[in-house]
Amino acid sequence: MDEKVTTRSLQKWKQEGRKIVAVTAYDNPSAKLAEDAGIDVILVGDSVGNTMLGYETTVPVSLNEVLHHLKAVWRGIERALLVADMPFLSYGVSVEDTIYNAGKLMQAGAEAVKLEGASPITLAAMESMVELGIPVMAHLGFTPQSVHQFGGFRVQGRSEEAADALMNALNAVENAGAFAVVLELIPADLAERLTQATALPTIGIGAGAGCDGQIQVWHDILGLSEETYKHSKPYVNLREQIGQALQTYVREVKEKQFPTKEQSF
Ligand code: KIV
């Protein structure tokens with residue numbers, strides 16, 4: 001096995017110009033496949049809400065739901081850095097609650113937690129968590145838990161003021177002790193400027209090629225999502241392949257072609 005990925009690896013790779021590869025995973029077999037493929041960072045994202053639990057957004061996802069999926073992923077991981085998302089309202093209400101909830105994720109196997117935005121409580125909680133030994137990944141730009149505030153899934157940072165606000169938020173999370181930052185749905189030239197302006201490794205999704213790494217949602221790159229998004233590339237069409245396999249199974253059972261002697265005792 002290659003050397004275990006840690007928060008320090010990401011910082012070293014940024015300096016060396018070695019790209020960081022991250023993906024979300026929500027279950028044990030997927031975690032093992034991601035490990036075997038050499039993925040550096042596995043995120044148990046709150047996108048589990050949209051991808052696995054049938055929610056429209058990530059807002060309804062609970063801490064217990066993330067914990068459930070985290071434990072399954074953790075049992076499949078050796079080398080990758082395992083990051084868990086803090087779901088909506090598990091942080092940002094009070095520093096105490098945030099630390100307590102992050103602690104539960106760490107005790108379930110997470111090696112770092114990710115939270116969205118840079119609100120005053122979030123920044124204060126980041127500082128306290130880092131002091132306590134909980135590594136924090138920040139998440140700026142389009143932050144899916146604020147989808148209703150943004151009025152939909154929209155690219156952020158298009159105006160000069162919005163770009164300045166993102167630069168300020170980036171400085172704030174860096175000063176609060178984050179070890180890396182996800183930049184989601186922002187113009188590529190802005191993401192590149194942010195990447196050059198910070199010591200933090202930037203991991204982009206819909207933020208162009210200038211970030212220090214990329215993260216993608218499992219279902220999007222494997223063609224399992226119902227939609228295809230501009231920011232992702234399906235490397236295989238599993239939805240179609242699984243559909244065809246299941247239809248063949250249905251037909252073969254109905255036509256008495258399965259099981260044959262080969263599958264019988
Ligand atoms: O939950 C998630 O999948 C994420 C990625 C989009 C970075 O936060």
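Just follow the structure's listing: the first ligand is 1, and inside any ligand the first atom is 1.
- A salt bridge (charged side-chain N to carboxylate O under 4.0 Å, His left out) check over residues 54-79, counting only residues at least two apart or in different chains, returns the pairs D40-R79.
- Listed by first and then second residue, the side-chain hydrogen bond (donor to acceptor under 3.5 Å, both in side chains) pairs that reach into residues 106-125 are K4-E111, D85-K114, K114-H139, S119-T122, sequence neighbours excluded.
- Counted by atom type alone, N50 and S47 present zero donor-acceptor pairs between their side chains at under 3.5 Å.
- At a cut-off of 3.5 Å, with distance as the only test, a side-chain donor of E174 or T198 sits close to an acceptor on the other residue.
- Residues satisfying the side chain to side chain donor-acceptor pair (under 3.5 Å) criterion with T248, sequence neighbours excluded, are absent altogether.
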Tabulating one pair per line, provide the atom names and distances (0.1 Å) for every N/O atom of ligand 1 that is less than 3.5 Å from a protein N/O atom.
from	atom 1	to	atom 2	distance (Å)
ligand 1	1 (O)	D46	N	3.2
ligand 1	1 (O)	D46	OD1	3.0
ligand 1	1 (O)	S47	N	3.1
ligand 1	1 (O)	S47	OG	3.2
ligand 1	1 (O)	D85	OD2	3.0
ligand 1	3 (O)	S47	OG	2.5
ligand 1	8 (O)	D85	OD2	3.4
ligand 1	8 (O)	K114	NZ	2.8

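- Between H219 and Y26, the ring centre distance stays below 6.0 Å.
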